[in-house]
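First comes the structure, then the notes that go with it.
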There are 2 protein chains.
Amino acid sequence: VLKMENIRKTYDMGDTQVIALKQAYLCLEAGDFAALKGPSGSGKSTLLNICGLLDSANDGELEFLGQPVAGLNNRQLTLLRRENMGFVFQSYHLLPVLSASENIEYPLLLKGEDVKTRQNRVAELIEQVGLSRFAHHRPDHLSGGQRQRVAIARALVNQPRLVIADEPTANLDTETATQMIELMHALGKAQGTTFLIATHDERMAARCDRVLNMRDGEIHETTEIAVH
Amino acid sequence: VLKMENIRKTYDMGDTQVIALKQAYLCLEAGDFAALKGPSGSGKSTLLNICGLLDSANDGELEFLGQPVAGLNNRQLTLLRRENMGFVFQSYHLLPVLSASENIEYPLLLKGEDVKTRQNRVAELIEQVGLSRFAHHRPDHLSGGQRQRVAIARALVNQPRLVIADEPTANLDTETATQMIELMHALGKAQGTTFLIATHDERMAARCDRVLNMRDGEIHETTEIAVH
Ligand SMILES: Nc1ncnc2c1ncn2[C@@H]1O[C@H](COP(=O)(O)OP(=O)(O)OP(=O)(O)O)[C@@H](O)[C@H]1O
Ligand SMILES: Nc1ncnc2c1ncn2[C@@H]1O[C@H](COP(=O)(O)OP(=O)(O)OP(=O)(O)O)[C@@H](O)[C@H]1O
Ligand SMILES: [Mg+2]
Ligand SMILES: [Mg+2]
């Protein structure tokens with residue numbers, strides 16, 4: 001599904017340079033449920049943004065669904081993302097003028113789904129993330145963990161092939177976090193969805209069948225954990 | 001330091017009403033290191049905003065440093081906050097146009113501290129949160145956990161009597177989170193600072209000597225844990 005080779009990403013800060021990714025290698029098979037762990041500032045969000053075709057690397061190769069992304073223009077990348085990916089951002093990036101259910105509905109609108117399909121999918125997801133009572137609340141009238149769950153629902157509503165989640169349980173209590181993890185697993189089982197999840201949360205990492213460890217812009221080892 | 005009695009807080013949403021706090025009681029002694037735990041949406045941020053004099057309740061009494069806050073006007077509340085409190089917001093609320101060190105310096109500027117004092121305090125704090133290399137980065141050029149640490153440093157720089165922290169370790173790996181928790185404990189020991197910390201993080205709660213449990217807008221029980 002996703003293959004990353006020798007990816008390098010730097011940020012220029014005038015006279016200094018931040019090397020966010022040094023030599024990142026990654027290979028995800030369909031249905032993988034992978035955790036990306038690592039210290040604050042080690043490059044996880046940077047890596048996820050490149051995997052999600054939201055940012056480009058300075059060096060290295062990236063393939064998505066067997067196709068190299070290097071040659072693609074912005075419109076093609078946008079289409080590829082829209083058709084195949086769901087993204088949970090570390091700071092959610094919900095649309096402030098839309099309600100919770102409108103935010104969740106948005107990817108379906110972009111995809112051109114009919115109104116009946118949209119209503120059903122949104123109703124289903126908002127129930128699954130436990131926010132039925134808050135469907136009409138806008139983000140500024142939601143708690144931190146409620147916003148995070150709207151972001152999760154939005155990432156899943158399209159039933160995408162690849163879900164990239166940047167610390168999706170950071171603001172959730174253990175019970176709610178567990179429900180979200182199980183929701184993602186259910187989607188993985190039902191649809192063969194692939195998950196790449198940056199997380200500091202041990203409960204989340206423990207439920208992943210692969211754990212990729214990041215340090216100073218490199219993925220140092222993959223611990224294969226058999227999920228029983 | 002802080003006394004809250006029978007606090008009620010509701011939000012009107014046109015035809016419906018959200019009862020965020022029902023009957024909240026709280027009593028903090030100087031030097032307390034208290035965790036506020038509870039499910040997503042249970043009212044923690046709402047409670048913290050009222051404790052921090054950033055929001056007012058619909059009903060009930062609140063005393064800060066022995067003084068009822070009900071009669072105070074906005075200017076008096078702002079002064080009380082500025083002189084005595086440090087706040088870590090769940091979504092950080094850093095000033096986007098200021099660098100990390102300028103953000104940390106800000107409460108000292110408001111307090112009218114001289115430039116030498118400000119420089120020393122900021123240098124100390126930025127070192128303690130492990131961000132010396134990123135002092136000149138603005139928030140949009142920082143990782144999620146780095147922004148969170150700037151928010152923590154800003155809350156501590158004034159050496160306030162009361163620190164109110166809303167999920168201050170949510171985006172931190174275990175090692176960095178432990179350093180932040182120990183930093184707060186050190187301040188508590190050295191200055192007698194009181195801490196009220198909303199947290200979903202078991203590592204954080206385990207290091208608190210009081211654990212207040214919140215559910216549906218009420219604080220149901222306080223578990224006194226002896227810290228050895
Ligand atoms: N401005 C608002 N208008 C309407 N409802 C609100 C508003 N702010 C918060 N709420 C609601 O009040 C309840 C409590 O919110 P609060 O932010 O205090 O929860 P919390 O315990 O901090 O949750 P989390 O752990 O997810 O951060 C939530 O159900 C939320 O939807
Ligand atoms: N736009 C940018 N310009 C300059 N430096 C940046 C930029 N974005 C990120 N960085 C730096 O690159 C490094 C990696 O950032 P990244 O956000 O990928 O870390 P992370 O592993 O996601 O951290 P966290 O766990 O705290 O979210 C950090 O040191 C950060 O300061
Ligand atoms: Mg990140
Ligand atoms: Mg909250």
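- When the shell of 6.0 Å around CD of Glu127(A) is examined, it contains 12 or fewer heavy atoms from other residues, nucleotides or ligands.
- Only the side chain of Thr16(A) comes within less than 4.5 Å of a heavy atom of chain B; its backbone N, CA, C and O stay farther away.
- Within residues 136-143 of chain B, the residues that have a heavy atom under 4.5 Å from a heavy atom of chain A are His136(B), His137(B), His141(B), Ser143(B), listed by number.
- No more than 12 heavy-atom neighbours from other residues, nucleotides or ligands sit within 6.0 angstrom of CG on Asn74(A).
- Most heavy-atom pairs under 4.5 Å with chain B: of the set Leu172(A), Thr174(A), Asp166(A), Thr176(A), this distinction falls to Leu172(A).
- The distance from the NE2 atom of His200(A) to the CZ atom of Arg203(B) is 8.5 Å, given to the nearest 0.5 Å.
- Surrounding NZ of Lys22(A) are more than 12 heavy atoms belonging to other residues, nucleotides or ligands, all under 6.0 Å away.
- Taking both residues in full, the closest heavy atoms of Arg149(B) and Ser40(A) are given as NH2-OG, 2.8 Å, listed atom of the first, atom of the second, then distance.
- Contacts between Gln146(A) and chain B at a heavy-atom distance below 4.5 Å involve backbone atoms as well as side-chain atoms.
- From Asp173(A), atom CG reaches atom NZ of Lys37(B) across 9.0 Å, with rounding to the nearest 0.5 Å.
- Residue-environment remark: CD (Glu175(A)) stays at or below the threshold of 12 foreign heavy atoms within 6.0 Å.
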